Amino acid sequence: MLSGLYERFAGQPGGSRLLAGARLRRRVIVVLHQALEMSHLSQSDLAKKLGIRRSAVNQVFRGDGNVRMETLAEYLHELGFEALLTLTRAGEPRRAALEDRPAAPMTSPANASLAFDLALTGQFLFESRSATRAFGSVAMTAK
Amino acid sequence: LTVPTSDCPHCGRRALQQGSALTVEAARNTAGEEPALAFLNKLMSARRAKRRRLAADALILLEEWSQLGKLEVPRQQRHIREDLWEIKTYALRFPYYETTDKTHRYTRLTHGFEKDIGKTVDGKMPANRINYGLWMIREDRAC
């Protein structure tokens, strides 16, 4: 793959951090849609289960604005799933895309404290300070 | 901004993203303008982080599309009219059309624009945007 706009943007101040955030936001949206599809529920069904307006659910599924971790967990739980975070080195997802292979996760025990740090922030997933050093992908697990 | 976008060796068009499934290019008109590239460049160099975040979202979307040949959230991609299709994030829309050669699939973004505020992601694309996209297809094919 040739370098292009992505590399140009990543080279700007703060560019790679914005791309890491965008990638994580994207994974969250994809996971939500996958969970909805696998649950065979509609957004209206989910809104009823959560006791909120359909438009609020739709806003989350569109990726409009920041999704709180608690909100993500609640939505996935009502759909019958939970989310897991996996860490990988900053820049690894792009390298993997360029080489047409899956991104390699970090699995050594030395990374456990970083994963814990990321989980403890309690802030938006993609605005965590830890996410500037390494950023994770989101996977689902069924209840 | 030292890394140039990649040019197609055959037609000279800019490859915005090149993946194993397809190459995303910017369509150009007979005056040599590339509205999609200009739109992305403007977002990427915006002073406000919020707008640069939109650019990051678009670049991640284009990467996914070029790798998979489709979007993982199917409703973010749809047919508009004739050869015109669109992909979209929650805030941006990119009309495009497809072309292939013997070995590869190319998609050419005719232009890009921000979604009207207050409209849903499933809302209709404004007629002037559709007409412009169709005009750009004719122009690009004439190049």
Side-chain angles (χ1 to χ4, degrees), chain A residues 1-37 42-43 54-67 93-103 124 126-127 135 137-138, chain B residues 1-9 14-21 23-26 36-37 39-41 43-46 49-68 71-76 88-92 109 115 117-123:
Chain A
M1 187 190 292
L2 302 170
S3 61
L5 285 185
Y6 187 104
E7 280 66 31
R8 196 207 299 180
F9 189 68
Q12 292 181 16
S16 59
R17 192 171 63 224
L18 286 172
L19 286 164
R23 190 180 297 282
L24 191 50
R25 279 198 297 279
R26 181 68 186 160
R27 293 320 306 165
V28 166
I29 296 304
V30 168
V31 157
L32 275 168
H33 279 270
Q34 287 174 342
L36 186 69
E37 188 180 341
S42 66
Q43 289 187 19
R54 185 192 176 280
S55 59
V57 172
N58 184 250
Q59 190 176 8
V60 169
F61 275 80
R62 285 203 316 264
D64 189 352
N66 288 335
V67 179
R94 179 59 177 176
R95 284 191 293 275
L98 290 170
E99 294 164 12
D100 199 21
R101 61 170 173 78
F124 304 121
F126 37 85
E127 291 187 348
F135 50 87
S137 60
V138 182
Chain B
L1 303 180
T2 55
V3 181
T5 51
S6 315
D7 291 346
C8 172
R14 312 293 181 95
L16 307 181
Q17 280 283 340
Q18 194 168 14
S20 53
T23 298
V24 184
E25 296 179 331
L37 181 60
F39 176 72
L40 282 168
N41 274 332
L43 282 180
M44 285 166 54
S45 57
K50 186 178 177 182
R51 293 184 64 75
R52 280 184 279 120
R53 197 172 288 136
L54 297 181
D57 285 336
L59 292 174
I60 293 296
L61 192 78
L62 295 183
E63 182 189 82
E64 176 185 313
W65 193 25
S66 67
Q67 287 295 306
L68 304 176
L71 296 181
E72 291 192 89
V73 181
R75 67 177 59 184
Q76 290 183 318
K88 54 193 173 185
T89 67
Y90 72 94
L92 306 177
L109 305 183
K115 186 168 77 71
I117 294 169
K119 303 285 184 185
T120 70
V121 75
D122 298 320

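Bear in mind that the values here come from a model prediction, so they are computed numbers and not experimental data. Throughout, protein chains are lettered first and strands after them, A, B, ... in sequence-line order, and every chain is numbered starting at 1. Scope of the values below: all heavy atoms of this structure, side chains included, with no hydrogens, waters or symmetry mates.
The minimum heavy-atom distance linking E63(B) with Y6(A) is given by the pair OE2-CE1, 3.8 Å. The heavy-atom pair separating M44(B) from L5(A) by the smallest distance is CE-O, 3.8 Å. Across P13(A) and R52(B), no two heavy atoms sit closer than the pair O-NH1, 4.2 Å. In plain terms, the two heavy atoms of I60(B) and L19(A) that are nearest each other are CD1-O, 3.8 Å. Considering all non-hydrogen atoms of both residues, A56(B) and F9(A) come closest at CB-CE2, 3.8 Å.
Here the CG atom belonging to L61(B) is positioned 11.5 Å from the CD1 atom belonging to I29(A), to the nearest 0.5 angstrom. Atom-to-atom distance recorded for R8(A):CZ and S45(B):OG is 8.5 Å, nearest 0.5 angstrom.
Put simply, the side chain of E64(B) reaches to within 4.5 Å of the side chain of V30(A), judged on heavy atoms. Two residues are said to be in side-chain contact when any heavy atoms from C-beta on lie closer than 4.5 Å; D57(B) and R26(A) fail this criterion.
Proximity to chain A (any heavy atom under 4.5 Å) is restricted, for L40(B), to the side chain, taken from C-beta onward.
Partners of E72(B) according to the side chain to side chain donor-acceptor pair (under 3.5 Å) rule, which considers only residues two or more places apart in sequence or in another chain, are R27(A).
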